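Written below as structure tokens is the structure these notes are about.
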Number of protein chains: 2
Amino acid sequence: MTVGTASASTGGTRTRIQAVALELFTEQGYEKTSLREIAERLGVTKAALYYHFKSKDDIVNGLVMDRIERLDQLIAWAREQPCDAAGRRAILTRYVDEFFADEHHLVMHFFEQNQTVLKSLAAGQQMRQRMLQLADILAGPDPAPIAATRAALALFAVHSSWFAVRNPHVDRTEQIGRASCRERV
Amino acid sequence: MTVGTASASTGGTRTRIQAVALELFTEQGYEKTSLREIAERLGVTKAALYYHFKSKDDIVNGLVMDRIERLDQLIAWAREQPCDAAGRRAILTRYVDEFFADEHHLVMHFFEQNQTVLKSLAAGQQMRQRMLQLADILAGPDPAPIAATRAALALFAVHSSWFAVRNPHVDRTEQIGRASCRERV
DNA sequence: GTCTATAAGGAGATAGAC
DNA sequence: GTCTATCTCCTTATAGAC
């Protein structure tokens, strides 16, 4: 896991907490996962978690804020790409490469599985706002409604790949890449 | 709301409960919505809810089971459609017409906002299974991996329309129809 | 950094009167 | 059908010892 800038003094416990929390939040949902459950799986007590994070929400914030920074960089770069098909494809490709490679995709999966939670979290609202910005860039300036819809769908197609993944012989990244590149943008 | 076969004897309270619950579940999530909140909005007490539903899960079950029946009918019909582009388009069109018209789309929206909940509910697992069946039919017999992916994405594109809807001048059904028909299946 | 102990509150669910 | 009252359980979060 690459999560934030864990203070180098700690033995990586903070990062381990985030990793376990992310897994449980994605599997069973944020609300259904208690701090007791996270602590137990780590072999510590609940109180230990509160040394590293000031609240349950704060665990999520750490995960999200990291992505928002990276997303802002991608958005800034995307604004300078040409507004043609090649430019849009380049944007989508970088999006997939950055946010769905390695363990990064775990965070994205968490986002999709916990939409209602993110709605009530400040970090989640910011994330959503960035996604809409990216869709706007893909749609181009003064888009026809149909172009705006298509741009948003292209972005979403990447995310919906989890639903599509069932054949064990096709690995996930391969399928995600295929899904995004097939989309006409 | 058209929810199940409410015993005609009651004054529709059961249906009103489902309508309010559906709205709150979709807005803030299933876990975050308490029975107290539902009861308060209806002007009754928690205990009254338990006369109509044996548990909180049971409220969701009523909503889901209704869709599963309709989905099973659609699946049976879809199996008899030709395996060409026109047939696939016909299937998608009926899917959109049946599940995204009127208030039906509220239930679909609830599904997307509460994926983790549905994972742990028997009714939700059945629903997911039906969706995969439908994707298989769209993909055709012995599909290449790429065809399977494309079929699943086409289905999902319909559902992702909520993300795409931002322009208030384009109404939702119009956009959903457009989204599904634009998709190459 | 991690522990024990506990506070404070809300959740789902039930019993029984009306 | 709906109410009041209550039970039981589990949650997030804090205080303070080690």
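Here is the naming used below: chain letters follow the sequence lines, and residue numbers restart at 1 for every chain. The structure displayed is predicted, hence computed values, not measured ones.
Glu31(B) has its CD atom 18 Å from the P atom of dG10(C), to the nearest Å. Atom NZ in Lys56(B) sits roughly 16 Å away from atom P in dC10(D) (whole-Å rounding). Remark: P of dG1(D) and NE2 of His52(B) are 7 Å apart, rounded to the nearest angstrom. For the pair Phe53(A) CZ and dT14(D) P, the computed distance is 15 Å after rounding to whole Å. Between the P atom of dG10(C) and the NZ atom of Lys46(B) lies a distance of 11 Å, rounded to the nearest Å. Across the protein-nucleic acid pair, Ile17(B) atom CD1 and dG1(D) atom P stand 11 Å apart, rounded to whole Å. Rounded to a whole Å, the OH atom of Tyr50(B) is 15 Å from the P atom of dC3(D). Distance, Arg14(B) CZ to dG1(D) P: 12 Å, rounded to whole Å.
The aromatic rings of Phe110(A) and Phe25(A) lie tilted to each other, with the angle between the two planes from 30° to 60°. In this pair, His159(B) and Tyr95(B) present their aromatic rings tilted. The plane angle is within the 30 to 60° band.
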Stepwise side-chain contact (heavy atoms from CB on, under 4.5 Å) check, Arg128(A) with Leu118(A) | CA-CA 9 Å; Arg128(A) 182 183 170 84; Leu118(A) 291 171; over 6 Å; no
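At least one cation-pi condition fails for Arg67(A) and Phe99(A): the charged atom is not both under 6.0 angstrom from the six-membered ring centre and inside a 45 degree cone around its axis. Judged by the 6.0 Å distance and 45° axis criteria, Lys56(B) is positioned over the aromatic ring of Tyr30(B).
Distance check: Thr45(B) OG1 to Leu35(B) CG gives 11.0 Å after rounding to the nearest 0.5 Å.
Taking 4.0 angstrom as the limit, Tyr51(A) places none of its side-chain polar atoms (N or O) nearer than this to OP1 or OP2 of dT2(C). Applying the 4.0 Å criterion to OP1 and OP2 of dT2(C), one finds that Thr13(A) has a side-chain N or O inside that range. Considering only side-chain N and O atoms, Thr45(A) lies nowhere under 4.0 angstrom from the phosphate OP1 or OP2 of dT2(C).
Only Thr33(B), Ser34(B), Leu35(B), Arg36(B), listed by number, bring a heavy atom of residues 32-39 of chain B to less than 4.0 angstrom from any atom of DNA chain C.
Taking every side-chain heavy atom of Ala47(B) into account, dT4(D) is the closest of dA13(D), dT4(D), dC3(C).
For the side-chain contact (heavy atoms from CB on, under 4.5 Å) test, residues two or more places apart in sequence or in another chain that qualify with Gln81(A) are Trp77(A), Ile91(A).
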